[in-house]
Amino acid sequence: MLKLYQFDRTWDIPNLSPFCCKIETYMRMAGIEHEIKPALPMRAPKGKLPYIDDDGKKLGDSRFIIEHLKSAHTDLDTALTAEELAVSTAMQRLLEEHLFWAALYSRWQFTDENWQINKKAIFSPLPPIIRDIVANRWRKKIQQQIYGHGMGRHQTEEIFALGKQDIDTLAAYLGHKRYFFGDRPTTLDASAFGLLINISGCPIESPLKEHALTKENLVAYIERIMHSFYPDLQHP
Ligand SMILES: N[C@@H](CCC(=O)N[C@@H](CS)C(=O)NCC(=O)O)C(=O)O
């Protein structure tokens with residue numbers, strides 16, 4: 001059976017990684033049978049989670065995983081027009097290549113309190129003797145990535161202002177629709193849910209979370225997806 005390697009569940013949300021949550025949500029939305037295998041990124045094909053093993057074929061990166069799921073299993077986007085597909089790709093880039101970095105900043109850099117919560121959630125599976133050393137090294141690496149991306153070069157207020165713009169964009173585009181493109185979930189919903197629940201539904205406090213929680217339509221959207229596709233999990 002198809003195996004999905006991802007971080008262990010924590011915080012009463014499907015996954016603390018937006019990308020892992022995206023893939024599990026896609027599979028649940030598409031009814032693709034799978035087995036979850038808890039993992040850490042060190043052994044992943046691209047050094048990042050999630051990755052999958054489908055009949056011996058190992059694939060890393062949620063975008064390539066979704067391409068594979070679409071061609072070998074179920075494509076959630078078949079009803080979309082070329083224009084909708086273009087918007088879907090652009091919105092996924094907004095989520096995964098921009099808003100994600102503001103969210104990452106809030107976990108790994110913004111406050112020490114957030115870092116402690118993040119550290120406990122990710123590194124608890126490691127033996128106590130190496131936990132702090134690995135966690136601190138990893139923190140440094142992620143902070144370098146945030147700086148390398150460019151997000152980390154801004155002031156804290158600027159980072160959150162940029163992230164809030166993305167949240168406004170998502171809220172405006174969703175409007176009163178059930179899903180981003182109407183009554184049926186598509187890849188964009190898996191991506192958006194993966195990140196949005198990781199901003200508003202986890203115990204990492206930030207102006208980004210506060211802002212997301214003011215968007216009634218996004219809050220209802222997240223609850224709807226939790227209710228429809230994760231009946232086995234507690235509500236955030
Ligand atoms: N572009 C990748 C991003 C995956 C990603 O950033 N995963 C993070 C967890 S949210 C990770 O494993 N990071 C480990 C690292 O950067 O060392 C995807 O779409 O899967």
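Remember, it's 1-based here, ligands and their atoms both numbered in the order they're listed. Below, all heavy atoms of this structure are taken into account, side chains as well, without hydrogens, waters or symmetry copies.
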- Would you kindly confirm whether Leu233 and Ile36 end up in one hydrophobic cluster when ILVMFWY residues are joined by side chain heavy atoms under 4.5 Å apart? yes

- Query: Looking at atom 16 (O) of ligand 1, what's its closest protein heavy atom, distance included?
  - Reply: Gln145 NE2, 3.2 Å

- Task: Please could you name the atoms of ligand 1 that Phe7 approaches to less than 4.0 Å, counting only its heavy atoms?
- Result: 9 (C)

- Message: Which residue and atom name correspond to the protein heavy atom nearest atom 1 (N) of ligand 1, and how close is it?
- Response: Asp61 OD2, 3.0 Å

- Message: Would you say Ile133 ends up clustered with Met42 if hydrophobic residues are merged whenever their side chains have heavy atoms under 4.5 Å apart, either directly or through other cluster members?
- Response: no

- Item | Side chains of Gln92 and Ser88, donor plus acceptor under 3.5 Å | yes

- Tell me: protein heavy atom nearest atom 13 (N) of ligand 1, and distance? Lys48 CG, 3.9 Å

- Message: If the cut-off is 4.0 Å to any non-hydrogen atom of Pro50, which atoms of ligand 1 fall inside it?
- Response: 20 (O)

- Message: I need the minimum non-hydrogen distance between Tyr51 and Ile65, along with the two atoms involved.
- Response: CA-CD1, 3.9 Å

- Tell me, which protein residue and heavy-atom name are nearest atom 8 (C) of ligand 1, and how many Å apart are they? Leu49 O, 3.8 Å

- Shortest protein contact, atom 10 (S) of ligand 1 (heavy atom only): Ser17 OG, 3.2 Å

- Identify whether Val219 and Leu188 are in the same connected component of the hydrophobic contact network (ILVMFWY, side-chain heavy atoms under 4.5 Å). no

- Which class fits the ring pair Tyr105 and Phe110: parallel under 30°, tilted 30 to 60°, perpendicular over 60°? tilted

- Counting each atom of ligand 1 from 1 as listed, which ones have a heavy atom of Lys141 under 4.0 Å away? 15 (C), 17 (O)

- Message: Would you call the rings of Tyr179 and Tyr221 parallel, tilted or perpendicular, taking 30° and 60° as the class edges?
- Response: perpendicular

- Query: How far is atom 20 (O) of ligand 1 from its nearest protein heavy atom, and which residue and atom is that?
  - Reply: Ser62 N, 2.7 Å

